[in-house]
Amino acid sequence: MSKIRTRFAPSPTGKMHVGNLRTALYEYLIAKHEDGTFILRIEDTDQERYVDGAIDIIYRTLEGTGLIHDEGPDKDGGYGPYVQSERMASGIYLEYAKKLVEKGSAYYCFCTKDRLASLKKAVGNVDDDEEDEVKEIIKYDKHCLYLSKEDIEKNLADKIPYVIRQNIPLEGTTSFHDTIFGTITVDNEELDDMILIKSDGFPTYNFANVVDDHLMKITHVVRGNEYLSSTPKYTRLYQDFGWEEPIYVHLPLITNEDHKKLSKRSGHSSYEDLLEQGFLSEAIVNFIALLGWSSPNNTEIMSLSELIRDFDYRGINKSPAVFDMVKLRWMNGEYLKMMDEDDFYKIALPYIKEAIHKDLDYRRIASLVKTRIETLCDIGSMVDFFNELPEYDVEMFTHKKMKTNSENSLNALTELLPRFEALEEYNEASIESVIMSYISEKQIKNGQGLWPVRTAVSGKQSTPGGAYEIMSILGKDESLARIRIAIDKLSKAV
RNA sequence: GGCUCCAUGGUCAAGUGGUUAAGACACCGCCCUUUCACGGCGGUAACAGGGGUUCGAAUCCCCUUGGAGUCACCA
């Protein structure tokens with residue numbers, strides 16, 4: 001059996017959507033699991049939607065996620081060019097379309113937009129409530145198929161704009177086989193004569209895709225489920241050309257929490273957005289790998305190489321998967337916890353510095369925060385109290401489980417303050433011994449001594465680290481100043 | 001609306017004719033603990049409904065219902 005060749009064929013129209021990313025991931029996994037070739041092809045046939053810089057995003061995403069392609073615009077593997085606009089320059093698409101015209105499988109169409117518009121038919125629940133979207137659909141009536149040879153020649157000579165359409169028979173059925181969904185059959189009557197070559201001379205995605213997949217010897221065509229309904233038309237193209245069809249792998253849709261296809265507005269729709277929201281590349285990849293597939297040995301946290309090892313596309317499931325942000329957050333937290341201290345420090349530092357504008361022990365802060373966050377963006381609100389004591393209510397000194405209240409706290413802080421002041425060596429160990437000896441002296445619960453102190457120096461209900469850590473990071477002056485503020489607050493309240 | 005696809009807990013997801021129907025996230029409780037987390041232990045929660053086939057259906061077939069996708073000179 002020949003080696004697997006898969007291709008990722010994005011169009012450079014903006015950000016990298018997670019649906020696209022998952023497609024890329026599965027294409028990569030399918031190829032790499034069997035030591036095959038993963039190809040990048042840029043489908044830039046839509047000039048209107050082309051966005052500058054979008055190609056860079058594609059490269060950066062592939063690199064950032066570790067989905068390294070073996071062939072692509074920057075890596076010639078003998079099947080180039082790998083950018084469709086460049087391929088078009090050689091005229092191949094038009095050439096292939098003309099072959100189809102000769103066979104009668106395609107034809108020139110000179111219909112104007114106006115005529116096409118007159119064919120439109122409103123559809124949907126027009127009279128139901130406004131909720132339903134009303135669409136207009138067209139099924140082309142093959143008007144130009146019946147033009148005489150002379151008329152066609154004349155129109156061409158007169159430079160009347162034209163497109164080339166696929167000629168689909170009115171009768172019969174077309175079937176194709178998909179690895180995930182099985183055999184699907186549709187009536188040809190349902191199939192529209194889709195446009196192969198646009199009036200600007202560019203091929204449509206549909207056409208370029210088929211031609212290029214064939215020419216590049218793609219063995220497995222992997223794409224989103226939304227292409228399922230146009231696949232029969234591709235099948236007809238393959239048949240008309242007399243080409244062997246690739247193995248189809250249509251992936252289940254990724255939806256938002258409303259079970260609708262992920263759209264631009266979902267907020268978590270693109271890889272870039274996710275990075276911006278403090279997620280790690282590895283976690284994102286791991287998470288989306290599990291949208292539609294699960295490991296046979298039931299593990300969930302998997303590196304890319306483990307995915308390559310265990311991935312079997314035959315086990316992909318059919319039903320759509322909701323993109324669950326909550327689980328992604330959990331998984332990201334797991335990745336954060338697994339990181340070694342140095343690596344974590346490096347990536348956490350910018351977030352810490354953004355929240356703290358003082359020269360504190362960032363390293364220590366990072367290690368305190370590491371096991372308590374799910375995304376890097378959680379860091380800010382967790383450490384900002386180091387920068388400035390927040391406003392807080394004296395009620396915070398009252399804690400049932402710790403058995404503290406304002407009175408206890410006032411006593412503890414008042415007695416502790418001079419002892420802290422007297423400290424020559426101010427560090428975690430010495431702070432601890434001051435507090436602990438006070439606790440044993442007074443025969444009180446740990447919480448009764450520690451809660452007031454931690455609350456006083458942080459002004460927060462919960463903090464990364466406890467009283468000793470916070471006081472030592474804050475430094476003596478700042479810590480004591482905060483304790484004095486607390487004593488002041490408390491004496492007014494009691 | 002036509003066509004196509006899908007259907008196990010709130011979510012992801014095992015399961016492929018015989019199971020007490022896994023596991024994970026989330027949620028709840030308990031333990032640990034100087035708070036919150038982390039960690040540990042436990043719990044709530046599912047085969048959409050109805051017909052068949054079969055000794056036996058989550059698993060096979062049909063219908064119903066629900067959901068989604070698609071119907072462009074977009075990809």
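Just so we're on the same page: letters track the sequence lines, and every chain starts at 1.
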#### Entry: Opposite nucleotide pairing with B:C41, Watson-Crick or G-U, both atom distances under 3.5 Å
B:G29

### Task
Take atom C1' in B:A37 and the same atom in B:A22, then report the distance between them in whole Å.
29 Å

### Task
Not counting sequence neighbours, which residues clear salt bridge (charged side-chain N to carboxylate O under 4.0 Å, His left out) with A:E432? List them please.
none

### Message
Once you measure the plane-to-plane angle for A:Y107 and A:Y140, does it fall in the parallel (<30°), tilted (30-60°) or perpendicular (>60°) bin?
### Response
parallel

### Message
Under 4.0 Å, heavy atoms only, any strand: does A:G292 hit a base, just the sugar-phosphate, or nothing?
### Response
sugar-phosphate

#### Entry: Whole-Å gap separating C1' (B:U35) and CD (A:E469)
11 Å

#### Entry: Distance, C1' atom - from B:A24 to B:U54, rounded to whole angstrom
35 Å

#### Entry: Between P of B:U4 and CD of A:E189, the distance in whole Å
11 Å

### Query
Roughly how many Å is it from CH2 in A:W293 to P in B:G23, rounded to a whole number?
19 Å

### Message
Does the structure place the NZ or CZ of A:R236 under 6.0 Å from the centre of the six-membered ring of A:Y238, at an angle of no more than 45° from the ring's axis?
### Response
no

### Query
Taking the six-membered ring of A:F207 as reference, does the NZ or CZ atom of A:K233 fall below 6.0 Å from its centre and within a 45° cone about the axis?
no

### Summary
In B/S/- notation (B base, S sugar-phosphate only, - none; protein heavy atoms under 4.0 Å), nucleotides 70-75 of chain B written 5' to 3' is SBSBBB

### Query
On a whole-Å scale, what distance lies between the P atoms belonging to B:C6 and B:C61?
11 Å

### Task
Using Watson-Crick or G-U wobble geometry with both distances below 3.5 Å, tell me the partner of B:U70, or none.
B:G2

### Gap in Å between the two C1' atoms, one belonging to B:C47 and one to B:A14, rounded
13 Å

### Message
Quiz question: going by heavy-atom distance under 3.5 Å, is there a donor-acceptor pair between the base of B:A7 and the side chain of A:K318?
### Response
no

### Rounded distance in Å - CZ (A:R329) to C1' (B:U11)
16 Å

### Task
Give the rounded distance in Å between these two atoms: CG of A:D312 and P of B:A13.
16 Å

### Task
Look at the side chain of A:N256 and the backbone N and O of A:D258, then say whether any donor-acceptor pair between them is shorter than 3.5 Å.
yes

### Message
Reading RNA chain B from 5' onward, which residue's closest nucleotide shows up sooner: A:Y468 or A:S319?
### Response
A:S319

### Query
Quantified in whole Å, what is the P atom distance between nucleotide B:A13 and nucleotide B:G50?
26 Å

### Message
Distance check needed: B:A68 P versus A:K260 NZ, whole Å only.
### Response
5 Å

### Query
What integer number of Å spans the P atoms of B:C38 and B:G49?
36 Å

### Query
Is A:T463 touching bases, backbone alone, or none of the nucleic acid, heavy atoms closer than 4.0 Å?
base

### Message
Using a 4.0 Å heavy-atom cut-off, does A:A467 contact any base of the nucleic acid, only the sugar-phosphate backbone, or nothing at all?
### Response
base

### Query
A:E190 near the nucleic acid: base, sugar-phosphate alone, or nothing, with a heavy-atom cut-off under 4.0 Å?
sugar-phosphate

### Task
With heavy atoms under 4.0 Å as the rule, sort A:G201 into base, sugar-phosphate or nothing.
nothing

### Message
Apply side chain to side chain contact (heavy atoms under 4.5 Å, CB included) to residues A:I197 and A:F202 and explain how you reach the verdict.
### Response
CA-CA 6 Å; A:I197 301 290; A:F202 275 84; over 6 Å; no

### Query
Separation of A:D393 atom CG from B:U35 atom P, in whole Å?
21 Å

### Query
Under 3.5 Å, side chain of A:E306 to main-chain N/O of A:S303, donor-acceptor pair present?
yes

### Task
Let me see the working for A:D213 and A:R223 under salt bridge (charged side-chain N to carboxylate O under 4.0 Å, His left out), right down to the final yes or no.
CA-CA 13 Å; A:D213 283 343; A:R223 48 156 78 123; 5.2 Å; no

### Query
Tell me: CG of A:N256 to C1' of B:G67, nearest whole Å?
13 Å

### Contact nearer the 5' end of RNA chain B, comparing A:Q461 with A:W330
A:W330

### Query
What pairs with A:D312 under salt bridge (charged side-chain N to carboxylate O under 4.0 Å, His left out), at least two apart in sequence or on another chain?
A:R314

### Query
At under 4.0 Å between heavy atoms, what does A:M402 touch on the DNA or RNA strands: base, sugar-phosphate, or nothing?
sugar-phosphate

